[in-house]
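As structure tokens, the structure follows; a few thoughts come after it.
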Amino acid sequence: MVPEQATLIVEADQESAQAIVTMLDTFGVTAQASGRRNLDGAAITSWLVVAGLAVKTAPDILRALAELVKELRLGSVTVDLEKQKIKIDRPGRAQIRELIDKMGDNPPDDDA
Amino acid sequence: MLDQSVLEQIARSQAGDGVRIWRHDREPISPMNAVLDVVDTMVSHPYSIFWVSGGAPETFSLPDLDPAVVLFSTRHLEMMGQLRGILTTFWLDGPMLEAVAEQVSLRILAELTLRQGDPALACHLMAESLSRTTVDFPRMTLMGLEREPISESYLSVWFYGLLHEMGHVAARERDHTRRGGPDTYLGSLADAVLGKYFGDHSEAVRKRRAELERIDALDSAVLTAEIDADLFSVQALFEGTYRVFERSGTLDQLNAGRLASDVLLMFGLFHVLNSCALAVRLRDGADAADLYGNVANAVRLNVIIDFLAELLTRTGTSEPGEEDVAGMRQKLVAAHDRINARFTTFDRGHALALRLCLFPHERRLDAIGGLAAFLDKQFSSAVAGPDIRHFLALADSLDISHPDLDLLVELASTPGSAKELLADRQRIFLLPWVSGDGVDMPFLLPGRDKQVAFVFGDDEVARVFVEESRSMLAPNLELTSRVVVSPTEQNVVITVALSVPEGVRDQLRVVFEGTPEFGEQFERLADGSFWPD
């Protein structure tokens, strides 16, 4: 059975994280974001954005992310489905589009 | 609120796929749960603690998630335990302490560098560490830490770092007023420490800092957040220690002064680990240097000492008298000075290790040969074996593969004939080289912020590159492909670093054919974004 929910995890700098949260909001997706605090006391340089996506809307959201990515500094994008996890480090637009294609390799369930 | 499965996904995304993680169980009766019971009285925001077994030595938090996520690394604990052991073994002193400091710092740097995705440098740093072993200070394992008797030291090693991260979670709920006083106090303290550090140059340093307009460790919000977390961890550690001793019926043995000294020691040990983490980030210029980390640490230490002085002189609910606090403060400063004397010696070896990480031209050419020679000596493989196996297991858990790691596996498997094996494992690297008219050095392409040396493995690719690049040179200069024979990439990096002018070294980047970075740089050459504006 195709999972209905996927988890999107994006690592980015603070400005990019904020832009992604705003973008997700336009799709009605409430994301959470947090800086990663290490023990070294340095200013936070790495932020994490986490959002639950309906699998059906994930391709649209990822296309929007692919459009944004030129202006953003992303460390990684991970889409975690129940049976599959796809992670791309330092993705460009092409890599995010590949990620959409890979997700499309999960054929829809006849019962869905 | 994020559900359990998503929290695990988040924890795994941060720890690495091959690393074992599990959520901390709050049910069993344990010192950790006794301490967390205290935390629960101080923090109402939900949190989830995940243990990370193996992996890089990093304990950290994502405090703004709901629930907050804290990753508690067993490897971080082991390293803190080992560092504490070294600093408190008083027969280890002078040159021996410096040597052990260099060795253990190199191993920490190797693990962190591996985590940062630079296995070639990581293997080199391991080789530097192992081949220089003169005193084998035993590794600390988690089991070893667990077997220690419960004491002030035990609790501070296990929980000081965790409680600092919980302090960041707690900060979500506070009004962000610094516990120790208003911002003007922090500002003047930072100023005084900066003055002490930089002396006659402090005004110039202040001016430069203002010009850079960058958020650094001395930034008011950053410093306040760290101090809040520091003071939270001290408060929680004292109350947690009290609770653990009370439960075990040994409250009469609790020595608050000893716990305070342990806090100061742990703070210094974190600085050792943190400076390794900073060196790894700086090694390729990926991060702009934060020059104020040491100043910020000194400010934090002063605030911790002030806080401890009030804590130790408080009796019941009455506020301590000023004289009593001042007297206690003097004792704590004296305790810190005693600890610092050990750190001063330790830091000499530690600094050497940091320099090897940061400066390729200071690394030892053929450290891998030194390691092979070491492994061929009787009993050496018994000494080095566990550390090599641990390092290779870390690489496995992070799903990192590299020819230099394969080489390390082979060397470790053939003690007694490691040198012979190494002779059979030489690789050919092709390095474009400029010569003529007083010039004799590797060919560098001037990129946006780096001078890039491309190194090839394929004859044809190297030939095409050299041909296409010739037109960039003046007519009196010749561009050829020089062959470098080496079992590792790092020897090539060191060779390049030693062969370029000194002024170029801090901008140097050596990129090897077959690596993702090689592909990226060539894409940038193709689309023109490689070159400076």
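Here is the naming used below: chain letters follow the sequence lines, and residue numbers restart at 1 for every chain. No hydrogens, no waters, no symmetry mates; every other heavy atom, side chains included, goes into these values.
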**Asked** With chain A, which of B:Gly293, B:Gly161, B:Ser5, B:Pro63 has the greatest number of heavy-atom pairs at distances under 4.5 Å?
**Response** B:Pro63
**Asked** What part of B:Asn297 lies closer than 4.5 angstrom to a heavy atom of chain A: side chain, backbone, both or neither?
**Response** neither
**Request:** Answer with side chain, backbone, both or neither: which region of B:Leu273 has an atom nearer than 4.5 Å to a non-hydrogen atom of chain A?
**Result:** neither
**Asked** With a 4.5 angstrom heavy-atom cut-off, which part of B:Glu520 approaches chain A: side chain, backbone, both or neither?
**Response** side chain
**Any A:Leu62 side-chain heavy atom under 4.5 Å of A:Leu8 side chain** = yes
**Message:** Within the structure provided, determine whether B:Tyr47 and B:Val39 are in side-chain contact (heavy-atom separation under 4.5 Å).
**Reply:** yes
**Request:** Please look at B:Gln9 and chain A and tell me whether the side chain, the backbone, both or neither of the residue comes under 4.5 angstrom of a heavy atom of that chain.
**Result:** both
**Request:** Of all the heavy-atom pairs spanning B:Ala279 and B:Leu109, show the shortest one and how long it is.
**Result:** CB-CD2, 4.2 Å
**Message:** Walk me through whether B:Glu165 and A:Arg37 qualify under salt bridge (Lys or Arg N to Asp or Glu O under 4.0 Å).
**Reply:** CA-CA 8 Å; B:Glu165 293 310 317; A:Arg37 288 216 178 257; over 6 Å; no
**Request:** Answer yes or no for A:Arg36 and B:Phe60: cation-pi contact, defined as NZ/CZ to six-membered ring centre under 6.0 Å and angle to ring axis within 45°.
**Result:** yes
**Prompt:** Quick one: what part of B:His271 sits under 4.5 Å from any heavy atom of chain A, side chain, backbone, both or neither?
**Reply:** neither
**Asked** Is the distance between the ring centroids of B:Phe530 and B:Phe522 less than 6.0 Å?
**Response** no
**Region of B:Ala225 in contact with chain A, defined by heavy-atom distances below 4.5 Å** = side chain
**Asked** chain B: which of A:Thr78, A:Thr30, A:Leu48 shares the most heavy-atom pairs with it under 4.5 Å?
**Response** A:Leu48
